[in-house]
Protein chains: 2
Amino acid sequence: MTNNPSFSQNHVSWFNELLGHANVSQNSNDLDEVSRDYTEDLSFLPDLLLTPNTTQQISSILKYCNENNIPIYTRGAGTGLSGACLPVRGGIVISMKRFNNILNVDKENFQVTLETGVVNAELKEYLKPYGLTYPPDPASMGSSTIGGNIAHGAGGPKAVKYGTTRDYVLNLEVVLPSGEIIWTGANTLKNSTGFSLTQLMVGSEGLLGIVTKAVLKLVPLKTEELLILAPFSDASKAAKCVNDILLNGFEPAGIELMEVSGVEIAIDFLKLPFPKPEKTEIYLLIILDGNNIEELNAIAESLYPFLDEAGALEVYLPNNSETASIWWKIRRSLGELVKQQSVYKEEDTVVPRAKLPELIKGVKEIGTKYGFRSVCYGHAGDGNLHVNILKDEMSEKQWTQEVPKGIVEIFELCKLLGGTISGEHGIGLVQSPYLNVVFTDTHYELMRGIKRAFDPKGILNPGKWL
Amino acid sequence: MTNNPSFSQNHVSWFNELLGHANVSQNSNDLDEVSRDYTEDLSFLPDLLLTPNTTQQISSILKYCNENNIPIYTRGAGTGLSGACLPVRGGIVISMKRFNNILNVDKENFQVTLETGVVNAELKEYLKPYGLTYPPDPASMGSSTIGGNIAHGAGGPKAVKYGTTRDYVLNLEVVLPSGEIIWTGANTLKNSTGFSLTQLMVGSEGLLGIVTKAVLKLVPLKTEELLILAPFSDASKAAKCVNDILLNGFEPAGIELMEVSGVEIAIDFLKLPFPKPEKTEIYLLIILDGNNIEELNAIAESLYPFLDEAGALEVYLPNNSETASIWWKIRRSLGELVKQQSVYKEEDTVVPRAKLPELIKGVKEIGTKYGFRSVCYGHAGDGNLHVNILKDEMSEKQWTQEVPKGIVEIFELCKLLGGTISGEHGIGLVQSPYLNVVFTDTHYELMRGIKRAFDPKGILNPGKWL
């Protein structure tokens, strides 16, 4: 906690003048609310909360803070899972919630221009009448903002077919600490004009500038979806299945993976029906999308032999849309419900897809070695496995001293398998202690150099990994 | 020309020691060969040509050159269209032609690891037995290297469906001027671990480091291709057609555009048959791909109404594979044949797809104003239009003084339409004078800051746009 009662009232007056009193808050409830995101039990109070609604206001704020060395933390919906937006050094939180306008849908060019406080699912809803959609679908999409998605390079189940946030960002309006405003690129599908500042901003976690507007690429909306559920007795059979499906030219929108231990927690809590044949250890939930349900059924038919061949214990299709909703509900609430079980740490491991069985096996062995239980689920189609480590009855000492050693081993295993320590959550605070598993001093130096080019005085998101 | 007869023989001896005499050349034929690429009539002689074949050798070379302030220019196949690899300040050209090994095809994870001197088309051929392919297909793919493709963020006809080089680069081995060797990322489809150094390297034109190895994403190979040729009486009808096709959920691999004036040049030279109904001003060449020719024919059938509706003068399918080859040959040789007509300047304009008619109209008006003829062709599906400005009988004065004013106007029009000055060729030398149409001082400062982080002494590709 770094709340600072002596935060200069001169600063507060200056911001009141700029934004109006309604958009400047030192109210303790307000500050408390922005002291947390969805990451474990972390909390850091800022000194001041600002809620601007124009790029020009953000420019003025940054210029002022840069001159006065005031830390700035930019916040979307606060649904992050790495603590990247938390004001660890106090100072100012800029809430983007009033940047919530969709400015233009360019139906001819499949593009949308919007302010970055727009919520992901609201954008999707808004686009439906145009027959277009924005595919990235992080679990948080009901509340997370496009700006937060950009800051973290957010993924989601449908990354298998559609890629992640990175693949949809064409051009960004960015305010730099100097107060200067730039557009990073052009509204085009191709761009070989200088270093890609656009791509550099994606995943930069509020360290380089504040993204105020975005031009996003859209794709035609698929109107139909079909789920296939396949339980397996072990992860390697499931992984073989994933590979067979993809290599044979099928293009599922997603292939989700759930350990039975996680599904059981969700079933118990939600009291919903879910198939569980004997010997089930792991589930694949395959998502097909298209515009014609008969075609999807035909694709599903042609998938069965591959599921059988790979050793699926059974293959289930939902009888009706209610069943499909239940399956989605179980998958989507899994993370939250697992985390309600106990104090936890969530790791966002990612490896080449076919290495998932090795990773899961390794996670369990490391758990045995350090005495922790883990529940894994995630995205089998792209190798992104969320490993939830549960404290359960573990002593505080073991939790704070032994478990981190186990996490280092998990990340070392990821690296060995060709992977890394975050697939879609970012570094923020919680991955920061483990970053040297994958970064050398040279990586840090390059990234610090990039940081200096954008933010020479280090006012943006100070106290994080860089 | 900056050839320097006094280039230190101490340096030469040092490189002979490192690489062996066979891989160090001051032979004037060798130097002449690497003084040019495929860009207009530019030529700059280096002092020395090195042909290393290990990352460690490149590390030693860079460390030595950094200590001795010797300019380094990295060269793939020299097929670039912007002059980005040319040694404008003499010094050393490093040829990557011996970095030609494909190190590993990971069939399970749809990845290949290779040295960056591997030729694009050779990679495609190598991957066929695995049932996989690397989609980016720049016109130069028969000779251009993966390293050159990465340096320029190369695109190609199939970018419509498959994206550009950027979308396939997962992880890069890079040698920095300090001699340090890093891998930029991980071999994963998702990665939110720090700033994306991988994406920063793509399109960085040899200014930040030398990319020695790459891990590329692959996709299942499509075995069948079907072409559809549709002539139109004007560009706006063709553009409407493109939009209708894409919005109705068709996923053509490519939609190429050719002005009739360019096609006529190709037909005359190649003496090949090509349909040309009356009133034809512009052609669309639509490329469908898949694994089943009956399915492709069915898709083509369902496309016809959209072509008719948009006003196609006729719709042609090739009778046989020979006809299809002829159509591809005409499209692929168009650029080269147009450029044989006259001294030329090629601009690599790019705008949002549906703005192409406005761009083409503007180019013609600007041509009339400044007295030049232009021939346009390119990628209708992604808004990337190659504008070839022909000198014909124009005076040298008009060519060097008036035409550049017209080019500025063309690029200003691109910007106005939401586009930029290079879609897939890069900046290099030829786009450099026009960069301030789209970059402000702030953009330059950010990019110079990034450059400093990687190459503080500026030994990599000096004398270019940064």
Side-chain angles (χ1 to χ4, degrees), chain A residues 106 108-111 131 152-153 155 159 164 167 176 180 182 185-197 199-200 202-204 220 243 246-247 249 291 350-354 382-384 418-427 435 438-440 442-443 446-447 449-450 452-454, chain B residues 106 108-111 131 152-153 155 159 164 167 176 180 182 185-197 199-200 202-204 220 243 246-247 249 291 350-354 382-384 418-427 435 438-440 442-443 446-447 449-450 452-454:
Chain A
D106 180 348
E108 288 198 308
N109 290 302
F110 298 5
Q111 294 179 7
H152 295 81
T164 67
D167 300 303
L176 300 169
E180 290 165 296
I182 61 165
N187 303 353
T188 54
L189 297 174
K190 284 172 166 178
N191 188 346
S192 289
T193 312
F195 304 151
S196 180
L197 300 180
Q199 289 295 326
L200 188 57
V202 179
S204 65
N243 208 56
L246 297 172
L247 192 56
N291 293 313
V350 62
V351 293
R353 183 179 65 229
D382 57 37
N384 184 200
T420 189
I421 75 171
S422 178
E424 56 184 19
H425 293 177
I427 302 304
L435 204 42
V438 289
F439 283 180
T440 62
T442 308
H443 290 95
L446 291 175
M447 295 196 193
I450 293 167
R452 269 194 300 276
F454 283 74
Chain B
D106 179 349
E108 289 198 308
N109 290 301
F110 297 4
Q111 294 179 6
H152 295 80
T164 66
D167 300 304
L176 301 168
E180 290 165 297
I182 61 166
N187 303 353
T188 55
L189 297 174
K190 285 173 166 176
N191 189 346
S192 288
T193 312
F195 304 151
S196 180
L197 300 180
Q199 288 294 327
L200 188 57
V202 179
S204 65
N243 208 56
L246 295 173
L247 193 55
N291 293 314
V350 62
V351 293
R353 181 181 65 229
D382 56 37
N384 184 201
T420 189
I421 75 171
S422 177
E424 57 183 19
H425 293 177
I427 302 304
L435 204 42
V438 289
F439 283 179
T440 63
T442 308
H443 289 96
L446 291 175
M447 295 195 193
I450 293 167
R452 270 193 300 276
F454 283 75

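In what follows, chains carry the letters A, B, and so on, assigned in the order in which the sequence lines appear, proteins first and then strands, with residues in each chain numbered from 1. Just so we're clear, the structure is a prediction, and the values are computed from it rather than from any experiment.
- Both the backbone and the side chain of A:E108 have a heavy atom closer than 4.5 Å to some heavy atom of chain B.
- By number of non-hydrogen pairs under 4.5 angstrom with chain A, the leading residue of B:N109, B:T188, B:N187, B:L189 is B:N109.
- B:D382 is linked by a side-chain hydrogen bond (donor to acceptor under 3.5 Å, both in side chains) to A:K190, counting only residues two or more places apart in sequence or in another chain.
- Chain B forms the most heavy-atom pairs under 4.5 Å with one residue out of A:G449, A:G423, A:G155, and that residue is A:G423.
- In this structure, the portions of B:R353 lying under 4.5 Å from any heavy atom of chain A include both its backbone and its side chain.
- Put simply, of B:I182, B:V202, B:V351, the one with the most heavy-atom pairs under 4.5 Å next to chain A is B:I182.
- Both the backbone and the side chain of A:L246 come within contact range of chain B, with heavy atoms under 4.5 Å apart.
- Each of A:H425, A:Q111, A:E180 has some count of heavy-atom pairs under 4.5 Å with chain B, and the biggest count is that of A:E180.
- Among residues two or more places apart in sequence or in another chain, the side-chain contact (heavy atoms from CB on, under 4.5 Å) test is passed with B:A453 by none.
- The candidate with the highest count of non-hydrogen atom pairs below 4.5 Å against chain B, out of A:I427, A:L247, A:N291, is A:L247.
- Heavy atoms closer than 4.5 Å to chain B are found in both the backbone and the side chain of A:N191.
- Heavy atoms of A:T164 lying under 4.5 Å from chain B belong exclusively to its side chain.
- Counting heavy-atom pairs under 4.5 Å between each of B:T420, B:L446, B:V438 and chain A puts B:L446 at the top.
- Between the side chains of B:Q199 and A:S196, not a single donor N or O lies within less than 3.5 Å of an accepting N or O.
- Summarising the geometry, atom CD belonging to A:E424 is positioned 11.0 Å from atom NE2 belonging to A:H152; distances are rounded to the nearest 0.5 Å.
- Considering only heavy-atom pairs separated by less than 4.5 Å from chain A, the leading option among B:D106, B:L176, B:L200, B:T193 is B:T193.
- When heavy atoms are compared at a cutoff of 4.5 Å, A:V350 approaches chain B by way of both its backbone and its side chain.
- Between chain B and the residues A:G419, A:G418, A:G153, the largest count of heavy-atom pairs under 4.5 Å involves A:G418.
- If you tally non-hydrogen atom pairs under 4.5 Å between each of B:G194, B:G249, B:S204, B:G203 and chain A, the highest count goes to B:G194.
- The line from CZ of B:R452 to CE of B:M447 is 13.5 Å long, rounded to the nearest 0.5 Å.
- Contact annotation for A:F110: both backbone and side-chain heavy atoms come within less than 4.5 Å of a heavy atom of chain B.
- A:I450 touches chain B through backbone and side chain together, each having a heavy atom under 4.5 Å away.
- When the candidates A:L435, A:D167, A:L197 are compared by the number of heavy-atom contacts under 4.5 Å with chain B, A:L197 comes out ahead.
- Among A:A186, A:G131, A:P220, A:S422, the residue with the largest count of heavy-atom pairs under 4.5 Å with chain B is A:S422.
- One distance of note links OG of B:S192 with CD1 of A:I421; it measures 11.0 Å at 0.5 Å rounding.
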